[in-house]
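All figures in this text were calculated on a predicted structure; none of them were measured in a lab.
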2 protein chains.
Amino acid sequence: MTTLTYSEENYLKAIFHLSEEGKKSVSTNDISAEMKNRPASVSDMLRKLGEKKVIEYRKYYGVHITEEGKKLALQTIRKHRLWEVFLVEKLNFSWDEVHEVADELEHIKSRLLIQRLDEYLGFPKFDPHGDPIPDEYGDIRSRPRLPLSEIEINGTGQIVAVKDSSAAFLRYLDKIGAYIGARIKVLDKVEFDGSVEILVDNKKSVFMSKDVVGNILVMQ
Amino acid sequence: MTTLTYSEENYLKAIFHLSEEGKKSVSTNDISAEMKNRPASVSDMLRKLGEKKVIEYRKYYGVHITEEGKKLALQTIRKHRLWEVFLVEKLNFSWDEVHEVADELEHIKSRLLIQRLDEYLGFPKFDPHGDPIPDEYGDIRSRPRLPLSEIEINGTGQIVAVKDSSAAFLRYLDKIGAYIGARIKVLDKVEFDGSVEILVDNKKSVFMSKDVVGNILVMQ
DNA sequence: ATTATTTTTTAGTATAGACTAAATTAGTAT
DNA sequence: ATACTAATTTAGTCTATACTAAAAAATAAT
Ligand SMILES: [Mn+2]
Ligand SMILES: [Mn+2]
Ligand SMILES: [Mn+2]
Ligand SMILES: [Mn+2]
C-alpha cells in the first residue's frame with residue numbers, strides 16, 4: 001500500500017487535475033504554476049512520485065499519472081469535496097469560503113471518518129461547486145457539461161458547475177444570482193471581445209465577460 | 001501573533017497536560033515519554049518553544065508554560081475536544097475511536113471553522129471522555145472530580161470523566177457498563193492490592209483493579 | 001567530599017521539502 | 001547544421017524535525 005505525505009498528495013492532486021485538461025502529458029512548468037513552487041522543487045518531487053509509481057516520469061518529457069496514482073488522487077479529491085459539502089450544508093459556510101479549509105481537511109487519514117461523513121451527508125454526488133464526488137473506489141460519474149461560452153444565441157441551459165472556485169469569482173456569481181441550478185438563456189453575443197448577455201433565472205439580464213462565461217459550466 | 005507548527009502544537013499540548021499534573025516544572029524526560037520522542041529531540045524543541053516565549057526554559061531545570069503558551073495549548077485542546085464531540089455525536093464514532101482522528105483534526109487552522117463547529121454542536125461543555133471544553137478565550141470550567149479509588153466503602157458517586165482515553169481502557173468500561181453519568185457505589189475495598197468492588201448503575205457488581213479505579217473520575 | 005548514576009544537552013547525521021544559481025537538454029529559428 | 005531560446009534538471013544551501021553517540025551537568029550514594 002502506497003502512503004503519501006501531505007505534500008505528495010497535493011502534488012498528485014495537481015497533476016491529476018492538469019491531466020484532465022486534455023493534454024496527454026503534464027509539464028514541470030504547469031505543475032510549478034499550479035502549485036506555486038519553483039520548477040526545481042517540482043523536478044525533485046517528480047522523481048519521488050516516480051519512484052513511488054504513482055506517476056510515470058521520463059526526464060524532460062513531462063509526466064503521466066498511473067492507474068495507482070489516479071486512484072490515490074481521486075481519494076484526496078473525494079475527501080476534499082465531501083468536506084466542502086459538510087462545510088456548506090452543516091456549518092453554513094458559503095461556497096466561496098470552503099476551499100482553503102477543505103485543502104487542509106482533505107489530508108486527514110481515516111477511512112472510517114470519510115465513510116461516516118459520506119453517510120452523514122446522505123451520500124452526496126456533487127460538491128458545492130457542482131463537481132462530482134468520486135465514490136470510495138474512485139469511480140466518478142460526471143454529468144455532461146460545457147462552458148456557457150459555447151451556447152448559441154437564444155440557447156438555454158442550467159448552471160451545473162464552476163471551473164474557477166476562487167472566492168472573488170464565486171462572490172461575483174452570488175451577486176448576479178448565478179447559483180448552481182439557475183436557468184440561463186443567452187440573449188446576445190459580442191463577436192469582438194467574446195462577452196455575452198445572459199438572462200439569469202428568468203429575471204435578470206447580465207453582461208458577462210469572455211472570462212466569466214468560460215468559467216461557468218452548463219448542461220442543456 | 002505567535003504561530004506554531006503541527007509539531008510545536010503537539011509538544012505544547014503535552015507540556016500543558018504534564019503541567020496540570022501537579023508538579024511545577026516539567027522535565028525533558030517526562031515530555032520525551034509523553035511524545036515518544038528521544039530526549040535529545042525534546043531538548044531541541046524546548047529551545048525553539050522558549051524562543052517563541054510559549055514556555056520558560058532554563059537548561060537542565062525543566063520548563064514552565066507561559067500565559068501565552070497556556071492560551072495556545074488551550075486552543076488546541078478546545079479544537080481536539082470539539083472534534084471528538086462531533087465524531088461521537090454526529091458521525092457515530094464510539095468514544096474509544098476518536099482520539100487519533102482528533103489528534104489530526106486539532107491542527108486545522110480556521111477560526112471560522114471552530115466557531116461554526118461549536119455552534120453546530122450546541123456549545124458543548126464536555127467532550128466524550130468527560131473533559132471540559134475551553135471557550136474561545138481559553139477559559140475552562142472543570143467540575144470538581146476525584147478518582148474513584150478515593151471513595152470510601154459505601155460511598156456513592158457518578159462517573160464524570162476518565163483519565164486514560166486509550167481504546168483498550170474505554171472498551172473495558174463499555175463492557176462493564178461504566179459510561180459517563182453512570183452512578184456507582186463502593187461495596188468493598190481490598191487493602192492488599194488496592195482493588196475494589198463497585199456497584200455500577202445500580203445493577204452490576206464489578207471487581208476493578210487499582211489501576212482501573214485510579215483512572216475513573218467521579219463526583220459525589 | 002568524592003564518586004557514581006541519572007538526566008539533559010551538544011554535536012553530528014539523516015530525511016523531507018523548499019529555494020537559487022548553474023548546467024544541461026529539447027525545441028525553434030536561422 | 002548551427003545557434004539561440006525556453007524548459008528542465010542538477011548542485012548546493014536552508015529550515016524543520018527526527019535520530020545516535022558523546023559530553024556535560026545535576027542528583028544520589030557512599
Ligand atoms: Mn491540500
Ligand atoms: Mn469544490
Ligand atoms: Mn495532534
Ligand atoms: Mn477526549
Side chain of [X] only, please: which of [options] is the nearest?
| X | options | result |
| --- | --- | --- |
| B:E8 | D:dT17, C:dG17, C:dT9 | D:dT17 |
| B:T28 | C:dT8, D:dT8, D:dT17 | C:dT8 |
| B:M45 | C:dT8, D:dT17, C:dG17 | D:dT17 |

Send over the distance from [X] [atom1] to [N] [atom2], rounded to a whole Å.
| X | N | atom1 | atom2 | result |
| --- | --- | --- | --- | --- |
| B:D44 | D:dA18 | CG | C1' | 9 Å |
| A:R58 | C:dT25 | CZ | P | 14 Å |
| B:R47 | C:dT8 | CZ | P | 17 Å |
| A:L49 | D:dT9 | CG | C1' | 16 Å |
| A:I31 | C:dA18 | CD1 | P | 13 Å |
| A:L46 | D:dA7 | CG | P | 16 Å |
| A:N37 | D:dT9 | CG | P | 15 Å |
| A:Y6 | D:dT17 | OH | P | 14 Å |

On the nucleotide [N], are OP1 or OP2 found under 4.0 Å from the side-chain N or O atoms that [X] carries?
| X | N | value |
| --- | --- | --- |
| A:Y61 | C:dA26 | yes |
| B:Y57 | C:dT9 | yes |
| A:K59 | D:dT10 | yes |
| A:S43 | D:dT10 | no |
| A:S7 | C:dA16 | no |
| A:T5 | C:dG17 | yes |
| B:Y11 | D:dA18 | yes |
| B:K36 | D:dA18 | no |
| B:K48 | D:dT15 | no |
| B:R38 | D:dT20 | yes |

Close side-chain approach of B:V85 to B:I133, heavy-atom, < 4.5 Å: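 In short, these two side chains touch, coming nearer than 4.5 Å.
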Exercise: do B:H64 and B:E56 side chains pair donor with acceptor under 3.5 Å: no
Pair B:S27-B:N29, side-chain donor/acceptor within less than 3.5 Å: no
B:E136 with B:R111: basic N within carboxylate O range, under 4.0 Å: yes
Side-chain donor or acceptor of B:T66 paired with backbone N/O of B:V54 under 3.5 Å: yes
Donor-acceptor pair, side chain of A:K210 and main chain of A:S149, under 3.5 angstrom: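 Not at all, since once roles are kept as given, no pair shorter than 3.5 Å links the two residues.
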Identified pairing partner of C:dC19, criterion: Watson-Crick or G-U wobble below 3.5 Å: D:dG12
